[in-house]
Number of protein chains: 2
Amino acid sequence: MMTHAINAIQFKHGVCLQCASRDSLLCAGLGDELLPHLCSRSVQKHLKKGETLFYEGDAANSVFNIKEGVMRIVRLGEDGRRQVLAFLGHGDYLGHTNKTNFTYSAEALTDVELCQFQRSSIESLSQKIPEFDKQFYKLTACLIDDMTDLLFMIGRKNALERVASFLMGMSDKLKKNGSNRCDELWLPMSRIDIADYLGLTLETVSRSISRLKKDGLINVTHAHYITINDHEALGALSRG
Amino acid sequence: MMTHAINAIQFKHGVCLQCASRDSLLCAGLGDELLPHLCSRSVQKHLKKGETLFYEGDAANSVFNIKEGVMRIVRLGEDGRRQVLAFLGHGDYLGHTNKTNFTYSAEALTDVELCQFQRSSIESLSQKIPEFDKQFYKLTACLIDDMTDLLFMIGRKNALERVASFLMGMSDKLKKNGSNRCDELWLPMSRIDIADYLGLTLETVSRSISRLKKDGLINVTHAHYITINDHEALGALSRG
DNA sequence: CGAGCAATTGATATAAATCAAGTTCGGTGG
DNA sequence: CCACCGAACTTGATTTATATCAATTGCTCG
């Protein structure tokens, strides 16, 4: 029995050591020697495209780190109005709330790999792993920074600027993750998802994309594959 | 010299022990015996109405806890477009970012009292004060919850619903802080501030308030003093 | 008391929503 | 492999909510 338990932890430690997200998530601040402390508290989860991780209203007992894939975070109004709060992917932290139940759902837009932690263990993890603090600060801060940008965008930018901002944001994310082809975008989400993210309708999103295409700022090789022709100009437009 | 230093810490500890925000900020999780550890890292700040705590672009080396008063958090676009990201007051945490420079300014709408901490000490405070974790989790989570609500509001609600949501939010804050007169609102901010918070123009805010008044949901005794007549109906309207 | 700013209210313009066809894409079965 | 179907997307016509422009009123403070 004892041996079994130790093997299990060593196995998980191995998973974490080789993880593609080793340098970007809650584990990033920890040296290899401390990794098992965090690993032993995590559960690895796999979602197929289209599956839901949790629904609005579910008990908020877990938080998650996304290792791979893209998730859609959605808030639904009583009458069906829908706001996409974020598209999250590699390196993003999900589920941080003070409420007892989630006020949004999380759905997989692609196959997704993630680590699940008990909220209670995250709330006091630094007591066991002091090095954990800094990375936790960083992940929550990134979340807040992104939401700040989104608030400004939805509150004060027009349709064309919002779509430009969205595309630039997708490009920035690629760059952040070390891609050298950050102008070749893959958009796994539908036009409705983009519209609900930007506070627009799908028709307006579609028209804005067509406009950017007509003006030569982007190329639309396929509805879900867009290349940025003029990164500079698209950036300027996104800033207003 | 030695005596002087000890007295200074004891004095600050005294300030913290008697603080009106003792139960709601970063210090809330700590017993009186641990309080000096946090106190010794804080600087007490006082702002007069109209003063700016920091500007967009300033180095983001500090975070703050607001003990008293109301602050306006503002993001400015290159061409002057303005988005109020939050109105913060008693019990709120301010300045949490992963960026090296603030992307928003913080201005006092009233006289304000706050505690300032070095970001570097917050990033690793749990190493010294394990009990600190839980409260830090809570404050960052509240921030994210509020921004989530605001995103849904700006992205998917119409003007009247936004203004209703804003008023309900002000009422909720009073209730959270223990007021038994949560329907008697004092609005220290201007109509422009409200408009820039809700992603509207001041005229639309003014018209919406007039409409709520005409429909009997609220009373406007003064531009900055509003009472909610029908809490239930205003809540229903705010939810859409 | 009056100057100047904040707020309200009204008239008009406009960006985006809504309504309505078409078109393309992706999958399925013959 | 191709034809068909439905879903996703694009494009066009019209409506509408809110912005913009403009005038008036009300407050605040010197």
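All values derive from a computational prediction rather than experimental measurement. Numbered from 1 within each chain, the chains take letters A, B, ... in sequence-line order.
- Residue A:Lys213 contributes atom NZ, which lies 9 Å from atom C1' of D:dT10 at whole-angstrom precision.
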In residues 80-95 of chain A, what donor-acceptor pairs under 3.5 Å come from side-chain atoms, sequence neighbours left out?
from: A:Arg81; atom 1: NE; to: A:Asp79; atom 2: OD1; distance (Å): 3.4
from: A:Arg81; atom 1: NE; to: A:Asp79; atom 2: OD2; distance (Å): 3.2
from: A:Arg81; atom 1: NH1; to: B:Arg156; atom 2: O; distance (Å): 2.9
from: A:Arg81; atom 1: NH1; to: B:Glu161; atom 2: OE1; distance (Å): 2.7
from: A:Arg81; atom 1: NH2; to: A:Asp79; atom 2: OD2; distance (Å): 3.2
from: A:Arg81; atom 1: NH2; to: B:Glu161; atom 2: OE1; distance (Å): 3.4
from: A:Arg81; atom 1: NH2; to: B:Glu161; atom 2: OE2; distance (Å): 3.1
from: A:Arg82; atom 1: NH1; to: A:Asp193; atom 2: OD1; distance (Å): 3.4
from: A:Arg82; atom 1: NH1; to: A:Asp196; atom 2: OD2; distance (Å): 2.5
from: A:Arg82; atom 1: NH2; to: A:Asp193; atom 2: OD1; distance (Å): 2.8
from: A:Gln83; atom 1: NE2; to: A:Asp196; atom 2: O; distance (Å): 3.1
from: A:Gln83; atom 1: NE2; to: A:Tyr197; atom 2: O; distance (Å): 3.2
from: A:His90; atom 1: ND1; to: A:Ser21; atom 2: OG; distance (Å): 3.0
from: A:His90; atom 1: ND1; to: A:Lys67; atom 2: O; distance (Å): 3.0
from: A:Asp92; atom 1: OD2; to: A:Gly89; atom 2: N; distance (Å): 2.8
from: A:Tyr93; atom 1: OH; to: A:His96; atom 2: ND1; distance (Å): 3.0

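- A:His222 and A:His224 have tilted rings, their planes meeting at an angle from 30° to 60° on a 0 to 90° scale.
- Using the six-membered ring where Trp is involved, A:Phe102 and A:Tyr104 have ring planes that are tilted, between 30° and 60° apart.
- Rounded to whole Å, atom P of D:dT25 lies 19 Å from atom CZ of B:Arg191.
- Residues A:Phe64 and A:Val112 are not in side-chain contact: their nearest non-hydrogen atoms beyond the backbone lie 4.5 Å or more apart.
- For B:Arg72 (side chain) and B:Glu107 (main-chain N/O), no donor-acceptor pair under 3.5 Å exists by modelled atom type.
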Got a list of protein N/O to nucleotides 28-30 of chain D N/O distances below 3.5 Å?
from: D:dT28; atom 1: OP1; to: B:His222; atom 2: NE2; distance (Å): 3.4

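- Residue contacts shown for A:Ser206 include a base, since a base heavy atom lies under 4.0 Å away.
- Judged by distance alone, with hydrogens and angles left aside, the side-chain atoms of B:Gln135 form a donor-acceptor pair with the main-chain N or O of B:Leu25 at under 3.5 Å.
- A 4.5 Å side-chain heavy-atom check between B:Leu167 and B:Ser171 finds every atom pair outside the cut-off.
- For A:Ile194 and D:dA8, the CD1 to C1' distance is 12 Å, given to the nearest whole Å.
- The interatomic distance linking A:Leu212 (CG) with D:dT11 (P) rounds to 12 Å, in whole Å.
- Annotation: side chain of A:Asp230 is in contact with side chain of A:Glu232 (closest heavy-atom distance under 4.5 Å).
- Using modelled atom types, one side-chain atom of A:Asp111 and one backbone atom of A:Lys49 make a donor-acceptor pair closer than 3.5 Å.
- For A:Met189 and D:dC9, the CE to C1' distance is 16 Å, given to the nearest whole Å.
- Counting only N and O atoms by type, the side chains of A:Thr227 and A:Asn219 include no donor and acceptor under 3.5 Å apart.
- Judged purely by atom type and a 3.5 angstrom limit, A:Ser165 uses its side chain to pair as donor or acceptor with the backbone of A:Ser238.
- In this structure, A:Arg191 contributes its side chain and A:Val205 its backbone to no donor-acceptor pair below 3.5 Å.
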Give the dot-bracket string for DNA chain C, reading 5' to 3', where a pair is Watson-Crick or G-U wobble with both distances under 3.5 Å, ( ) marks pairs inside the strand, [ ] marks pairs crossing earlier ones, | marks a partner on another strand, and . marks unpaired. ||||||||||||||||||||||||||||||
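- First and last contacts of DNA chain C with chain A, using any nucleotide atom under 4.0 Å from a protein heavy atom and ordered 5' to 3', fall at C:dA16 to C:dG26.
- Between B:Arg211 and B:Asp215 there is a salt bridge, since a side-chain N of the basic residue sits under 4.0 Å from a carboxylate O of the acidic one.
- Here the side chains of B:Arg75 and A:Asp149 are in contact, with some heavy-atom distance below 4.5 Å.
- Near-neighbour residues of DNA chain C inside residues 233-240 of chain B, defined by a heavy atom below 4.0 Å, are absent.
- A:Ala195 and A:Thr201 make their closest contact through CB-C, 3.4 Å (heavy atoms, listed as atom of the first residue, atom of the second, distance).
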Pick out the pairs of N or O atoms, protein on one side and nucleotides 15-21 of chain D on the other, that lie under 3.5 Å.
from: D:dT18; atom 1: OP1; to: B:Ala159; atom 2: N; distance (Å): 2.8
from: D:dA19; atom 1: OP1; to: B:Thr201; atom 2: N; distance (Å): 3.4
from: D:dA19; atom 1: OP2; to: B:Thr201; atom 2: N; distance (Å): 3.4
from: D:dA19; atom 1: OP2; to: B:Thr201; atom 2: OG1; distance (Å): 3.0
from: D:dA19; atom 1: OP2; to: B:Thr204; atom 2: OG1; distance (Å): 2.4
from: D:dT20; atom 1: O4; to: B:Arg207; atom 2: NH2; distance (Å): 2.9
from: D:dC21; atom 1: N4; to: B:Glu203; atom 2: OE2; distance (Å): 3.0

